[in-house]
Amino acid sequence: MKRLLSPRYQAPLLKLCLVLGAMWLLLSLLNAGKNLIFLRSYSTLNYTDECLEKDCSCSAILEGDMEAVAQAKLLTIVTEFRKKIHIPDEYYIKATNDCMKFKLKRKYFTFPLSKEEQDFPIAYSIVVHHKMQNFERLLRAIYAPQNFYCIHVDQKSPPSFWAAVSAVASCFPNVFLASRSESVVYASWSRVQADINCMEDLYRASSKWKYFINLCGQDFPLKTNLEMVRVLRTLNGNNNLESERMPPNKLWRVNKVHRVVDGRIQPTTLAKGLPPFNVTIFSGNAYIVASRGFVRSVLEDERVMAVMEWAKDTFSPDEILWASIQRMAGVPGSKWPHVKYDMSDLNAVARLVKWRSLEGPQGSSASVYPICRGTHVRDICVYGAGDLQWLIQQHHFFGNKFDIDIDAVSIYCLEKYLRNKALAESL
């Protein structure tokens, strides 16, 4: 039998334990107090915080309740509210000092929600240059431990943004920064190259992922990961992206050589030659849902690489390149270059964008979609809470544009809706 501690030592030992316990508790409280002061102001949009729910009802907004939508719209223009929900880059740098706490607090899924999802990884390229809060909420909304995420940060981004993105990425084994960073110029080849850099990194990172999806910082999902996996399975290796006849009013983009001058792309008087291999040039957009085989062709197929080289001095090559590769014979998952196989952005699943010129009264045969309930930036709708009911009824994977600085309620309610749906699917 073990010998009991002598009574003469029990009392002093008990006192010592009490003192050490009190010191530990005091240090813990002091440390928690420091963190609380820093973190308290930025908890407004957390899933467990009811602050926003007191001011707006997400369920009513998603059902199209006009009074709830109006209340949410009013909330977004209140200066005090806008200040309260703003999260600076420094928050993410400090919060990720303890990755476990960060992931718990921010409610990341750290395990696959289903065997079906676990067996069907998706590869993401995310090209960003500012608005850290937008990016982190996008990452959280699409994060799953079986997926792969390559983040391309613009060379011109401020150091605090670089540091914040790096800090968040460091907390996840399947999230990483692109090995090469471009100084991205709007409508130039650098935008395409940013995605290609991530394609290369993702292709080397794992042979397990099935499909590639590229995003920007102002995208947000309209579907859960499981919903996307099930649609991708039905594609059966085919790609899904916008690819249509080049409209006459856009031919100038590919008929003249363009150069980047003083940080802007400008046309020259030089005429461009015809594309190699008699490839027909199609119109599309920068965002795609593409098979692993398509990505392999971009990286290895000599014909595709020749077309890419030809496209480097066009205007906005991201809006012609993927659409044209999609119609090249022999590219995995591609479609024959006949007009019958054309696919519009509304029929493709990759991205849902509302253009001002195509909006109109609901039910009008002259309009493509309802009037934007948010605001417009460069003729594109930045979605507001009033757009959510319509958005969640669409078949697209992602919507563009969302911006917390313009309408935080729309992101909060959509994120909450998707989280609840994902958890319900896993039951």
>> Between S316 and D318, does the side-chain hydrogen bond (donor to acceptor under 3.5 Å, both in side chains) criterion hold? Intermediate values first, please.
In response: CA-CA 5 Å; S316 202; D318 53 353; 2.9 Å; yes

>> Would D195 and S125 count as a side-chain hydrogen bond (donor to acceptor under 3.5 Å, both in side chains) here? Give the steps.
In response: CA-CA 6 Å; D195 270 328; S125 163; 2.6 Å; yes

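Across all their heavy atoms, P221 and I142 have their closest contact at CG-CG2, 3.8 Å. Looking at every heavy atom in both residues, S324 comes nearest to F282 through OG-N, 2.9 Å. Across all their heavy atoms, I85 and R82 have their closest contact at CG1-O, 3.4 Å.
In this structure, the side chain of N197 engages the main chain of R180 through a donor-acceptor pair within 3.5 Å. In terms of modelled atom types and a separation under 3.5 Å, the side chain of N97 and the main chain of K94 share a donor-acceptor contact. Side-chain atoms of H396 come within 3.5 Å of backbone N or O of D345 as a donor-acceptor pair.
With salt bridges taken as basic N to acidic carboxylate O contacts below 4.0 Å, one links K131 and D403. Ion pairing between K354 and D387 holds under the 4.0 Å rule for side-chain N and carboxylate O. With salt bridges taken as basic N to acidic carboxylate O contacts below 4.0 Å, one links D154 and K156.
Here the straight-line distance linking atom OH of Y211 with atom CZ of R292 works out to 13.0 Å at 0.5 Å rounding. We find the CZ-CG distance between R191 and N214 to be 6.5 Å, quoted to the nearest 0.5 Å. Distance CG/N147 to CG/N225: 5.0 Å, rounded to 0.5 Å. Taken to the nearest 0.5 Å, the CD1 atom of I213 stands 6.0 Å off from the CE atom of M228. Atoms CG and CG, on D342 and N347 in that order, are 10.5 Å from each other to the nearest 0.5 Å. Here T314 contributes atom OG1 and K250 contributes atom NZ; the two are 12.5 Å apart, rounded to the nearest 0.5 Å.
Side-chain contact between S344 and E244: present, with at least one pair of heavy atoms (C-beta onward) separated by less than 4.5 Å.
There is no side-chain donor-acceptor pair under 3.5 Å between R351 and N400. If you check the side chains of H376 and E359, you find a donor sitting under 3.5 Å from an acceptor. Between E117 and S114, the side chains place a donor N or O and an acceptor N or O closer than 3.5 Å (distance only, hydrogens not considered). For the residue pair N285 and E319, no side-chain donor N or O sits within less than 3.5 Å of a side-chain acceptor on the partner. S179 and D201 are linked by a side-chain donor-acceptor pair at a separation below 3.5 angstrom, with hydrogens and angles left out of the test.
A cation-pi contact, defined as under 6.0 Å to the ring centre and within 45° of the axis, is absent between R137 and F402. Stacking of R233 on the aromatic ring of F120 is not recorded, the 6.0 Å distance cut-off and the 45° axial limit not both being met. Remark: R327 fails to qualify as a cation-pi partner of W336 under the 6.0 Å distance and 45° angle criteria applied to the six-membered ring.
C372-C381 SG separation is under 2.5 Å; the pair is scored as a disulfide.
Every pair passing ring-ring contact (aromatic ring centres under 6.0 Å, His included) that includes a residue from residues 153-186 is listed here, sequence neighbours excluded: Y108-F172, Y143-F172.
In this structure D301 satisfies the side-chain contact (heavy atoms from CB on, under 4.5 Å) test together with S297, R303, V304, sequence neighbours excluded.
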